[in-house]
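Reading through the structure tokens given below for one structure.
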Amino acid sequence: MSISFPGRRRFALIPSAGTGSRAGGDLPKQYQVIAGRPMLWHTAQAFLASPEIDTVLVVTTPGAQPLVQRFPDGGFDAPKLVEVDCGGDSRHASVAHGLAALRGLGAHDDDWVLVHDAARPGLTPALIARLVAAVEAEGTQAAGGILALPVADTLKRADAAQHIDATVPRDGLWQAQTPQMFPLGLLERALREALLQHRIVTDEASAIEAAGHPPLLVPGALRNFKVTYPDDFALAEAILGQNAQPNEASQA
């Protein structure tokens, strides 16, 4: 059970302005259909169904048609879902713009922000609750944490010709997932500092680490994988098709 901090809200932020070129298809991958719904619907649904989350902010491409118009039967008209078309040319920029949008909604420095990949549709309310409980159990001064999995496979480093150059010890290695949960003000400052130093931020935790704060690693789940390549859609379909039907109302 998470520890309640009065007045400290929790916002989900889903950057959804990418093109997903490696996944193939005519649409950006987050809008391709899995188990009868756009992938983004499944992703957002976990947060919409979570009692831990107050507001879900989806960041789309500037000038994009609103989701409720683009997908009129897609379930994007949920009361606590807010869409803003302020996405940037990188994840870093989209998240930064999303944080600014949350400020416009009245979010404060100490409010929590859970940043989640649009292409991780296997997230569940139970995983969100696990992350929130673990991070908030660290107390009011907690820097935040992320869902992640200990690396189970043997790792190989390749040479330029794609032959094995070395076997990499996996002891202590974790594979980062999302959501990644941090205080809004701390994340804003960390992303701003990374931009000033011309550092590429591929996940929010790396910016927090560089700012001198070690995020907590919270065990995630295999089902919370990132859809990246064409073959990943079949796996996502197999997972999500078990409990989602094309015209079924949201019961996540």
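Just so it is clear, the model here is predicted, and its values are computed rather than measured.
- Legend: residues meeting side-chain hydrogen bond (donor to acceptor under 3.5 Å, both in side chains) with Arg130, ordered by chain and number and at least two apart, are absent.
- Looking at heavy atoms from C-beta onward, Arg8 lies in side-chain contact with Pro183 at the 4.5 angstrom threshold.
- Of the charged side-chain nitrogens involved, at least one lies within less than 4.0 Å of a carboxylate oxygen, so that Arg103 and Asp109 count as a salt-bridged pair.
- Taking Ile, Leu, Val, Met, Phe, Trp and Tyr as hydrophobic and joining them when side-chain heavy atoms fall under 4.5 Å apart, one finds Leu222 in a cluster with Leu149.
- In terms of modelled atom types and a separation under 3.5 Å, the side chain of His97 and the main chain of Cys86 share a donor-acceptor contact.
- Without hydrogens or angle criteria, Thr178 side chain to Asp117 main chain gives a donor-acceptor distance under 3.5 Å.
- In this structure, the side chain of Glu209 does not engage the main chain of Pro214 through any donor-acceptor pair within 3.5 Å.
- Linking ILVMFWY side-chain heavy atoms closer than 4.5 Å, directly or via other members, places Val135 and Val113 in two distinct hydrophobic clusters.
- Within the 4.5 Å cutoff, side-chain heavy atoms of Leu99 are placed close to those of Leu184.
- Heavy atoms from other residues, nucleotides or ligands lying under 6.0 Å from CG of Asp159 number more than 12.
- When atom types are taken as modelled, the side chain of Gln177 and the backbone of Leu147 share no donor-acceptor pair closer than 3.5 angstrom.
- With contacts defined as side-chain heavy-atom distances shorter than 4.5 Å, the pair Lys29/Lys226 qualifies.
- The 12-atom threshold is exceeded at CD of Gln65, counting heavy atoms of other residues, nucleotides or ligands nearer than 6.0 Å.
- Annotation: side chain of Leu240 is not in contact with side chain of Met39 (no heavy-atom distance under 4.5 Å).
- With a 4.5 Å cut-off on side-chain heavy atoms, Leu187 and Leu191 count as touching.
- For Asp54, the side-chain hydrogen bond (donor to acceptor under 3.5 Å, both in side chains) criterion is met by no residue, not counting sequence neighbours.
- With side-chain heavy atoms closer than 4.5 Å counting as contact, directly or through intermediates, Leu196 stands alone and belongs to no larger hydrophobic cluster.
- Using a 4.5 Å cut-off between side-chain heavy atoms of Ile, Leu, Val, Met, Phe, Trp and Tyr, with links allowed through other members, Leu216 and Met181 fall into the same hydrophobic cluster.
- Residues satisfying the side-chain hydrogen bond (donor to acceptor under 3.5 Å, both in side chains) test with Ser206, not counting sequence neighbours, are Asp203.
- Checking side-chain atoms of Ser16 against main-chain N and O of Ile14 turns up no donor-acceptor pair under 3.5 Å.
- Listed for the Arg120 side chain is a donor-acceptor partner under 3.5 Å among the backbone atoms of Asn224.
- For the atom pair CZ of Phe11 and NE2 of His108, the computed distance is 8.5 Å after rounding to the nearest 0.5 Å.
- No single ILVMFWY cluster, assembled from side-chain heavy atoms under 4.5 Å apart, contains both Leu131 and Leu57.
- In this structure, the side chain of Thr55 does not engage the main chain of Lys80 through any donor-acceptor pair within 3.5 Å.
- Residue pairs satisfying the ring-ring contact (aromatic ring centres under 6.0 Å, His included) criterion with at least one member in residues 47-74, sequence neighbours excluded, are listed as follows: Tyr31-Phe71, Phe47-His116, Phe71-Phe76.
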Check step by step if side chain to side chain contact (heavy atoms under 4.5 Å, CB included) holds for Val95 and Val201. CA-CA 10 Å; Val95 172; Val201 173; over 6 Å; no
Less than 3.5 Å apart, which donor and acceptor atoms pair up between the side chains of residues 160-172 and the rest of the protein, not counting sequence neighbours?
{"residue": "Thr167", "atom": "OG1", "partner": "Lys156", "partner atom": "NZ", "Å": "2.7"}
{"residue": "Arg170", "atom": "NH1", "partner": "Thr154", "partner atom": "OG1", "Å": "3.4"}

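- Every residue two or more places apart in sequence or in another chain was checked for a side-chain hydrogen bond (donor to acceptor under 3.5 Å, both in side chains) with Asp85, and none qualifies.
- Ion pairing between a basic and an acidic side chain is recognised when a charged N comes within 4.0 Å of a carboxylate O; Glu193 and Arg199 show no such pairing.
- At least one side-chain heavy atom of Trp112 sits under 4.5 Å from a side-chain heavy atom of Glu136.
- Thr202 pairs by the side-chain contact (heavy atoms from CB on, under 4.5 Å) definition with Ile200, not counting sequence neighbours.
- Under a hydrophobic-cluster definition in which Ile, Leu, Val, Met, Phe, Trp and Tyr are linked whenever side-chain heavy atoms come within less than 4.5 Å, directly or via other members, Leu186 and Leu114 are assigned to different clusters.
- Considering only residues two or more places apart in sequence or on other chains, Pro66 meets the side-chain contact (heavy atoms from CB on, under 4.5 Å) condition with Val68, Gln69, Glu83.
- Side-chain contact between Gln30 and Thr43: absent, with no pair of heavy atoms (C-beta onward) separated by less than 4.5 Å.
- The side-chain contact (heavy atoms from CB on, under 4.5 Å) test with Val84 is passed by exactly one of Leu13, Thr60, Val59: Val59.
- Listed by chain and number, the residues in a side-chain contact (heavy atoms from CB on, under 4.5 Å) with Ala190 are Ala207, Ile208, Ala211 (sequence neighbours excluded).
- Applying the side-chain contact (heavy atoms from CB on, under 4.5 Å) criterion to Ala221, with sequence neighbours excluded, gives Leu127, Arg223.
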Can Asp232 and Leu235 be said to form a side chain to side chain contact (heavy atoms under 4.5 Å, CB included), step by step? CA-CA 5 Å; Asp232 293 339; Leu235 178 56; 5.6 Å; no
